[in-house]
Amino acid sequence: MTLRPLALSGMILLTTGIPDIAAAADRTLYERLQTVTQKDIGSAIDGEIADFVAAVLNDSEQTVTENDVRKAAEGSFSTVCAERSLEYAACENLRQKILSLVERERRIRTIGRDLFASAGGYEMPTSEHLGKVLSLPPAIASLLKVWQSGIDRSLSPSTGGTPRAAPMPSGAESRYSALERALRELVEEPGEKERIEELAGAVTRYRFGHRVIRKGEPCPADEEALDNELARLSKRWCAVEEKLDQIWQFLTASLANIVPPVRPGETVFFPTWIYRDMNVVVWATSLDAGLEWEIPLEPVLPELVDDRAFDQCMDEVGDEPYCHSIHPRTFFLGGEYLPPPETPGKGIGICGLPMNTKGFLCRPIAQTECQKAYDISTNAFYLGGCIDSVLDEGISERLTIVGPDLCGIGGWRQPDDPPPVIDTPQRQQDIRPPPCSRCAVDLYCAAQCPGGGGSTEPKDARGVIPLCIPESINGKTAVLQSLILHELVHVQQTCSNPREILDSDLQRCCAAEYQAYHVQCAALAEDGILQDMEIGGRRGWVTPELCAATGANGSCREQGKCSDSPIDYQEFVQAMAVAAEENKERLQLPESCASAILDLDERAKAMVRSLPTVCSPKCKTKFESTIGNNLCFIGQCLEQSWEEERLVPGRMTLNANDESFPWDSCVGGEPAASPIAPSIGSLTLPSLTFPRIPSYRPADIAQRMDIALCQIYGMPLSTPPTLCQIDLSRRLGLTVLDFSEMGALISTFIGNLLDPGVQLQRMSTGVGARFAASLYADNVGPMEQSFAEILGAAATVLEDIASTPFPQQMCSRVDRQCPFLAAP
Amino acid sequence: MCATTIAIVIGMGAPRAEAATPGWREIAPKLGACTYEDTDLFRDRPFSGWIQQYHGTVGKIIEGLLGTPTSRHFVNRRFSAGPAQCQSTAPVPAPPGLSELAVRLEPWKGSADPFTRSDTTPVLLEYLRVYECSLAERSFFLPVEIRNEELERRALLPGGLGANPLWYTDLFRMTFEQLTTIIEEFETARPTLERALSLAGTLNLARHFSDDIECLQRASLDIRNALALSADTAACMPRIWNAKDPLRDPPTCSDGLDNDNDGRTDLDDDNCELPSDMTE
């Protein structure tokens with residue numbers, strides 16, 4: 001048994017870095033919130049709003065500048081009127097027009113920011129970047145590492161690789177400084193009135209990394225963004241992108257010298273860098289590097305003014321009046337709702353991040369215990385869901401010949417002594433089961449195997465199970481890797497059991513084939529092949545469970561039907577072979593049957609290693625010390641005892657031969673023996689009681705709030721409901737023109753603040769917090785329940801071991817009169 | 001209004017009132033009103049320093065909730081409460097600066113009880129109320145306040161009031177400026193604090209789960225190690241069970257011994273009905 005240090009145990013320490021003091025000039029969260037609130041409510045209005053309002057009101061009759069708008073908002077518009085010799089009525093008319101427009105645009109932005117703060121706070125703990133405030137995924141990944149058994153990989157596939165941390169290599173600072181300069185270029189008017197629309201766009205654009213956007217190509221300087229108010233969502237910031245790429249190249253190059261070397265499938269996390277005064281962090285892994293807010297405060301707001309042509313002209317010519325006349329600024333009137341987001345695909349968005357890709361958002365989870373507690377309604381989108389059991393009623397997923405067959409399928413043991421005989425693509429006569437095993441496997445290649453695909457043959461007299469692998473499936477060889485996994489499951493199933501369990505009736509056939517296909521499909525999903533399978537003209541919709549059910553249907557078709565899978569078996573086999581072939585180069589899949597056997601997949605090796613019994617004398621068992629693997633070992637020991645050893649004389653277990661122990665009949669009965677099996681019955685792996693998959697409904701929350709707002713104001717429901725608010729007069733939202741209005745304002749502000757609608761609007765972030773609380777409670781609670789279950793089971797096992805009675809005298813129960821013993 | 005807001009701004013835990021501090025319930029009616037005493041944190045200071053004093057204090061406490069940055073370049077923060085306390089039921093300590101502020105506010109004046117993180121919301125909202133009360137009190141008599149202050153200040157300047165007279169135009173200008181500032185503060189201070197408390201509340205809620213996971217992780221390592229020892233023990237089990245059958249003690253009623261020392265052995269003993277009985 002080997003104790004291996006956890007890969008993640010040192011992650012947090014590695015990211016701590018050398019303590020020093022933050023720069024005094026860094027703006028705090030509260031100061032940033034002040035700035036945002038002043039933009040929303042106070043006299044300091046957004047520069048973009050000022051531009052927009054000026055552009056809208058600027059016509060042949062009157063000239064309105066950005067400065068005029070600012071002065072109106074600040075309450076000093078009278079100076080503007082005086083300069084232009086406007087009469088009082090005209091001045092007041094213009095001022096009201098400006099303030100009305102400003103108020104409308106501000107209102108939309110305030111709601112946008114509140115929603116962003118709500119959703120951002122909700123999502124903040126899901127960040128997987130090391131060291132971020134309350135980053136939960138690294139802790140959960142570390143927790144899973146302690147709990148998982150090796151067989152989880154076979155039955156519960158995940159992609160993204162094993163996480164690992166690495167220190168920041170020396171020399172990185174200059175590259176981060178270069179990125180900082182590029183980001184600073186995006187901030188206009190730094191300080192309290194800073195404009196960070198471009199920065200917000202860049203942070204959002206590269207939130208999931210820059211490489212997924214570059215796709216291996218350099219950033220094109222002239223790439224066209226969307227030609228509407230959503231332009232920033234598709235824009236690329238080449239300077240930022242280049243600097244991010246330089247950082248990523250530098251960091252990944254440093255991995256060449258890391259000790260121990262990075263293993264295939266490992267994802268390395270680097271410490272997260274921060275520019276505190278910009279509230280921006282830079283995350284980097286061995287897969288990608290990107291940006292994120294430290295605390296999410298500023299969303300990407302709709303663009304109001306399109307001045308790209310004007311800016312380009314200014315860059316080229318530099319003559320403002322000329323550029324203004326040739327390329328006048330245009331503005332976007334109105335807007336459109338984006339379609340609701342779709343479930344993210346493989347490697348897209350959050351599913352491109354190593355840890356999050358293991359989550360339910362990125363892969364469907366079949367879970368019979370999953371509660372369907374949602375009311376599917378409009379105005380909500382659901383990124384998660386439950387999948388019903390895919391097998392027909394009455395068809396079990398388990399063989400369960402005797403006992404729970406704990407950890408019998410899949411591989412959880414590590415390599416030990418090399419096998420005495422290396423398996424080759426030919427039939428071999430010199431292969432023998434090792435002393436600790438009841439069988440050995442002999443993989444061999446053939447042009448055609450019985451049944452057309454792979455074939456697991458009966459165990460021969462030597463104890464060897466020949467396993468026939470065809471030269472190709474439909475002319476494709478890449479799929480042979482997963483086919484071997486499938487057949488090895490059958491080897492595991494028949495190693496200690498009669499071969500009849502594979503196909504003696506429909507139930508057994510379905511159970512055996514479902515297990516085998518499940519391991520095969522899980523491996524395909526882990527490699528990303530399953531997601532590339534195109535069936536019925538669509539890709540990426542087949543889950544491992546559906547894949548397994550379809551396969552079981554096909555393999556057991558002569559006996560009946562295992563499931564209601566809508567997929568045709570022949571199409572399924574063809575699609576699997578094609579998808580594997582598409583990934584052949586990327587995954588270095590086998591070119592032939594011979595190479596598949598000679599260069600056996602690690603998962604297949606682990607399955608072969610897990611064939612021997614664990615508790616036989618002089619047999620070594622080596623595994624990584626995790627809760628799951630330890631339970632596999634204890635469980636298999638108990639099972640081996642119960643099924644194969646003589647627990648009570650005269651009560652033979654399944655596999656112990658009664659005739660082998662004739663003297664047992666001479667031994668006195670054991671009245672204290674319990675007819676109940678030992679604690680094996682209570683020992684199972686931690687039950688995967690998945691928490692209720694949470695719904696993600698910020699849009700729903702927002703709309704419910706808006707409806708409530710309309711009702712409070714006694715207005716009919718509007719679409720969008722925020723219109724109820726836009727029509728309201730909010731005089732206190734803006735400052736006043738002259739001194740005479742101030743008294744009235746002072747007397748009314750408290751009433752305004754007491755307005756329930758305002759209160760309701762302000763509680764939006766609180767609503768987000770409440771939803772976040774329920775989300776995490778739903779997730780953490782069942783985890784603790786599993787923990788309690790396993791503690792209980794472990795306690796039972798330990799108590800049973802401790803309470804084993806030992807005799808006071810040797811062989812006291814042997815009947816001295818027994819004729820077998822009495823005979824000389 | 002403050003009471004309502006306390007209910008709205010969730011996530012900072014229950015107000016201190018529920019921690020068996022009877023005084024809290026008594027002061028609740030004070031929340032909506034402004035009294036002369038409410039303003040003493042600001043009243044005797046120059047108006048020019050009020051904004052800095054209020055926002056600086058609140059900003060420091062909010063920053064304390066987020067945690068102190070431990071590095072200039074890396075994102076990590078150190079929480080003032082330290083690592084998760086898995087076995088302690090003691091409340092999480094208040095962020096730095098909160099206790100010092102609270103004991104200067106009317107509801108907690110002279111309180112010797114330790115403040116906790118859950119007290120953050122009520123204390124900051126009370127501080128905001130005091131700030132707003134101070135602004136309101138000042139605004140009601142603003143020209144008078146400015147006049148008194150200015151006369152006092154100018155009298156101390158070289159030449160006294162004679163050389164530094166206060167003209168009505170100056171008074172109007174200063175009144176206008178300060179009123180503008182007061183209105184701006186009225187409009188922005190409360191939404192800013194509410195946003196900050198909401199964000200901090202979200203973080204605080206998430207921190208409970210983060211602490212739970214940390215504790216679960218530590219416990220998991222313990223149970224993993226215990227199970228590893230169990231696995232070592234379990235390796236012997238088949239052999240033990242094989243061995244123990246022929247070695248097991250015979251039933252008490254057929255072991256040939258007078259187990260209860262009553263002079264009768266095995267079936268001769270009234271308590272034995274069958275040789276397999278275990279009690280003599």
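In what follows, chains carry the letters A, B, and so on, assigned in the order in which the sequence lines appear, proteins first and then strands, with residues in each chain numbered from 1. What's counted below: heavy atoms across the whole structure, side chains too, no hydrogens, waters or symmetry copies.
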Self-check item: Segment of A:V36 engaging chain B (4.5 angstrom heavy-atom cut-off)
Solution: both
Practice problem: Check step by step if side chain to side chain contact (heavy atoms under 4.5 Å, CB included) holds for B:T188 and A:Q34. | Solution: CA-CA 7 Å; B:T188 58; A:Q34 261 189 296; over 6 Å; no
Practice problem: For B:N259, enumerate each residue passing the side chain to side chain donor-acceptor pair (under 3.5 Å) test, keeping only those at least two apart in sequence or located in another chain. | Solution: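 By the side chain to side chain donor-acceptor pair (under 3.5 Å) rule, B:N259 matches B:D255.
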Quiz item: Is there a side-chain contact between A:I274 and B:H73, using heavy atoms and a 4.5 Å cut-off?
Solution: no
Self-check item: SB check B:R77 A:E294 (cutoff 4.0 Å)
Solution: yes
Quiz prompt | Pick from B:V58, B:L193, B:I62 with the largest number of heavy-atom pairs that fall under 4.5 Å of chain A | solution =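 With the most close heavy-atom pairs to chain A, the winner is B:V58.
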Exercise. Apply side chain to side chain contact (heavy atoms under 4.5 Å, CB included) to B:E187 and A:Q38, showing your working.
Key: CA-CA 9 Å; B:E187 289 168 356; A:Q38 280 165 356; over 6 Å; no
Might you point out which heavy atoms bring [X] and [Y] nearest each other, and give the distance in Å?
{"X": "A:I627", "Y": "B:I223", "answer": "CD1-CG2, 3.1 Å"}
{"X": "A:T37", "Y": "B:P191", "answer": "CG2-CB, 3.7 Å"}
{"X": "B:A228", "Y": "A:N630", "answer": "CA-OD1, 3.4 Å"}

Quiz item: Taking only residues two or more places apart in sequence, or in another chain, which ones meet A:Y176 in a ring-ring contact (aromatic ring centres under 6.0 Å, His included)?
Solution: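 By the ring-ring contact (aromatic ring centres under 6.0 Å, His included) rule, A:Y176 matches A:W273.
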Exercise. List the steps and the verdict of side chain to side chain contact (heavy atoms under 4.5 Å, CB included) for B:R195 and A:R113.
Key: CA-CA 10 Å; B:R195 277 177 162 164; A:R113 288 189 173 106; 4.2 Å; yes
Quiz item: Would B:T192 and A:Y30 satisfy side chain to side chain contact (heavy atoms under 4.5 Å, CB included), going step by step from the backbone distance to the final call?
Solution: CA-CA 8 Å; B:T192 303; A:Y30 184 76; 3.7 Å; yes
Quiz item: Rounded to the nearest 0.5 Å, what separation is found between the CD1 atom of A:I295 and the CG atom of B:L66?
Solution: 5.0 Å
